[in-house]
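All chains are named by letter (A, B, ...) in the order of the sequence lines, taking the proteins before the strands, and each is independently numbered beginning at 1. Just so you know, these numbers come straight off a predicted model, no measurement behind them.
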Amino acid sequence: MAIQSVRGFNDLLGEELARFRRASSVVRSVLERHNFEEILLPVVEYAELFQRSIGEITDIVQKEMFLFKDRKGRLLALRPEGTAGAVRAFLEHKFYAERPYTKLFYEGPMFRYERPQSGRYRQFHQIGAELFGVAEPSADAEIISVVYELLKELEIDSVIEINSLGCKECRPPYREALKEFLAQKEEHLCKDCLGRKDRNPLRVLDCKEKSCKLAVSDAPKMVDYLCDSCKEHYSQLKELLTHINIPFRENFNLVRGLDYYTRTVFEAVSDSLGITVVAGGRYDYLVQELGGPPTPALGFAVGVERLALLLKDIPKPKELYVVIPFGDVLPYALKVAKALRSKGKRVEFSYRRGGLRKQLDFANRLGAKYAVIIGEDEAKEGVVSLKDMDSGEQKKVKI
RNA sequence: GAGGGUGUAGCUCAGCUGGUAGAGCGGGGGACUGUGGAUCCCCGUGUCGCGGGUUCAAGUCCCGUCACCCUCCCCA
């Protein structure tokens with residue numbers, strides 16, 4: 001058997017790649033407009049970084065990481081997401097000491113050992129942005145505004161949902177209240193939720209199972225338990241979003257799969273495919289938990305493949321010129337191709353053999369806008385016959 | 001990790017109750033050595049995903065395995 005690519009690790013090519021590039025470049029340009037600075041992070045980190053940041057009991061850490069040991073026996077991981085690495089870099093370069101706040105973005109492959117399905121691979125790409133050092137809700141508003149603008153620019157139909165998960169003051173009491181509530185609903189919960197109702201009760205709110213949804217419909221809401229400062233933060237954020245005309249929807253059942261989130265969380269779900277394309281939130285304790293100074297922070301990540309899947313149309317490539325040498329004119333024809341390319345034209349030099357007819361047929365198949373016909377007459381006169389492949393018009397021109 | 005579907009030529013697929021492989025499209029060549037998208041003619045051995053089993057005989061039945069697609073879990 002010929003060697004195949006590894007499951008979930010795919011070649012990206014053709015139109016799919018064009019969509020991918022488009023999605024990526026739009027997101028990048030929106031981030032650059034907001035003056036986020038790019039950082040190129042390594043793909044491998046110590047496994048401990050993810051265990052400490054994402055949370056020991058999450059599925060990502062428990063069963064979805066690509067783990068391996070280096071030659072000295074240290075446990076390494078292919079990164080399953082980007083925030084942990086960004087925080088590590090923020091601390092390692094001591095950005096907290098040299099600027100009042102820091103805005104970073106990263107792009108690159110992420111790895112999760114999951115079952116592949118539509119819009120989901122073991123190697124996939126994310127672009128993420130992180131804002132370190134601003135506690136005020138204006139930072140939340142700006143991050144959500146970036147998300148809104150990139151979705152708008154890519155013409156992706158989706159709604160931004162927001163919620164608040166509270167802080168270490170108000171979340172524990174809420175968690176307990178929710179646990180108590182769920183204990184009374186046990187007979188309505190699915191098997192997965194029975195497993196997580198004590199371990200990670202917030203996740204039950206997010207379950208797609210009908211009976212769970214129903215059981216949870218009158219569950220206590222985090223918003224009702226928010227402490228004064230969280231409540232203030234959340235209502236200011238909503239006010240700001242309204243002021244800058246960013247449509248959003250509150251979803252009291254919105255939670256995140258990663259442990260580090262606090263206060264604001266948000267997500268954009270595509271209307272057509274029903275998959276999450278962007279997700280993010282605030283993580284005010286993570287920097288400190290990873291050994292840094294107390295630093296409020298927040299960010300988001302987009303799945304580039306998922307975005308690409310939803311793109312309406314892709315830009316057409318530049319108009320193609322096909323240079324057709326005909327007869328003993330090779331040196332001249334190559335010179336013409338070089339000249340056209342130096343003018344920035346997209347040029348294919350035809351290596352196809354056969355008569356002019358066959359070569360024009362070839363140019364046609366390539367989708368050429370112009371055929372640059374070079375026979376011995378043209379070579380002698382120092383011109384080319386430029387044929388417009390749509391209209392069929394042809395004239396001799398100097399290049 | 002659980003469930004369902006699929007796997008035959010480059011692509012899309014046909015192949016009925018087992019008798020050793022076909023079509024369309026694409027591609028190549030020609031009709032046609034200076035003008036395309038048309039027409040006509042010619043060109044298909046591909047480990048029938050892989051391994052094993054049943055059988056005189058397996059693309060076709062059975063078991064296993066791998067991959068892909070979809071759903072769930074989880075997540076971007």
Among Tyr283(A), Tyr285(A), Phe50(A), which residue satisfies the ring pair (Phe, Tyr, Trp, His ring centres under 6.0 Å) criterion with Tyr260(A)?
Tyr283(A)

Take the protein atom CE of Met389(A) and the nucleotide atom C1' of U35(B), then report the distance between them rounded to whole Å.
9 Å

For Gly128(A), which contact category applies under a 4.0 Å heavy-atom criterion: base, sugar-phosphate, or nothing?
nothing

Arg263(A) charged N/C atom sitting above Tyr234(A) aromatic ring, 6.0 Å / 45°
no

Whether the side chain of Asn364(A) and the base of G36(B) hold a donor-acceptor pair under 3.5 Å is what I'd like checked.
yes

Would you mind classifying the nucleic acid contact of Ala363(A) as base, sugar-phosphate or nothing, using non-hydrogen atoms under 4.0 angstrom?
nothing

Heavy atoms under 4.0 Å, any strand shown: does Gly82(A) hit a base, just sugar-phosphate, or nothing?
nothing

Looking for any heavy atom pair under 4.0 Å, which part of the strands does Leu307(A) touch: base, sugar-phosphate only, or nothing?
nothing

Taking G26(B) as the reference, what is the distance to U65(B) when you measure between their P atoms (whole Å, please)?
41 Å

Do the side chain of Arg306(A) and the base of C75(B) come within less than 3.5 angstrom through a donor-acceptor pair of N or O atoms?
yes

From NE2 of His125(A) across to C1' of C75(B) the rounded distance in Å is 17 Å

Please measure how far the P atom in C43(B) lies from the corresponding atom in G4(B), and state the result in whole Å.
46 Å

Checking side-chain polar atoms at under 3.5 Å, does Glu289(A) have a donor or acceptor matched by the opposite partner on Ser53(A)?
no

Quick check: on RNA chain B, is the nucleotide nearest Val304(A) upstream (toward 5') of the one nearest Asp388(A), or the reverse? Name the residue that is more 5'.
Asp388(A)

Find the distance Leu360(A):CG to G37(B):C1' and express it as a whole number of Å.
10 Å

Let me spell it out: for each of Arg365(A) and Asp377(A), pick the nucleotide of RNA chain B with the closest heavy atom. Which residue's pick is nearer the 5' end?
Arg365(A)

So if I take every side-chain heavy atom of Arg7(A) and compare against A76(B), G3(B), C68(B), which nucleotide ends up nearest?
C68(B)

Base paired to U71(B) (Watson-Crick or G-U; both N/O distances under 3.5 angstrom):
A2(B)

Looking only at non-hydrogen atoms, find the nearest pair between Gln394(A) and Ile373(A) and report the distance.
OE1-CD1, 4.0 Å

Partner nucleotide, any strand, of U12(B) [Watson-Crick/G-U, under 3.5 Å]:
A23(B)

Nearest whole angstrom, please: distance from the P of A67(B) to the CZ of Phe9(A).
12 Å

Under 3.5 Å: donor-acceptor pair, side chain of Asn10(A), backbone of Leu12(A):
no

In whole Å, measure the gap between the P atoms of C56(B) and A67(B) for me.
35 Å

Under 3.5 Å, is there any donor-acceptor pair linking the side chain of Arg357(A) to the base of C32(B)?
yes

Any strand, both distances under 3.5 Å, Watson-Crick or G-U wobble: G18(B) pairs with none

Less than 5.5 Å between centroids and less than 30° between ring planes, does Phe124(A) satisfy that with A76(B)?
yes

Would you say the side-chain atoms of Gln236(A) pair up with the backbone N or O of His233(A), donor to acceptor, closer than 3.5 Å?
no

Gap between atoms CG and P, on Asp390(A) and G36(B) respectively (whole Å):
16 Å

Across the strands shown, which category fits Glu378(A) at heavy-atom distances under 4.0 angstrom: base, sugar-phosphate, nothing?
base

Starting at CZ of Phe111(A) and ending at P of A76(B), how long is that distance when rounded to a whole Å?
16 Å

On a whole-Å scale, what distance lies between the C1' atoms belonging to C32(B) and C40(B)?
12 Å

Find the distance Ile324(A):CD1 to G37(B):C1' and express it as a whole number of Å.
13 Å

If you go through the side-chain atoms of Gln394(A), does one of them form a donor-acceptor pair with the base of U35(B) closer than 3.5 Å?
yes

Using a cut-off of 4.0 Å on non-hydrogen atoms, how would the nucleic acid contact of Glu376(A) be classed: base, sugar-phosphate, or nothing?
base

Holding to side-chain contact (heavy atoms from CB on, under 4.5 Å), I want the full list of residues that pass it with Glu176(A), two or more places apart in sequence or in another chain.
Lys179(A)

What is the distance, to the nearest angstrom, from the CZ atom on Phe362(A) to the C1' atom on G29(B)?
16 Å

Rounded distance in Å between the C1' positions of G15(B) and G7(B):
15 Å

Using both distances under 3.5 Å as the test, list the Watson-Crick or G-U wobble partner of U65(B), or none.
G49(B)

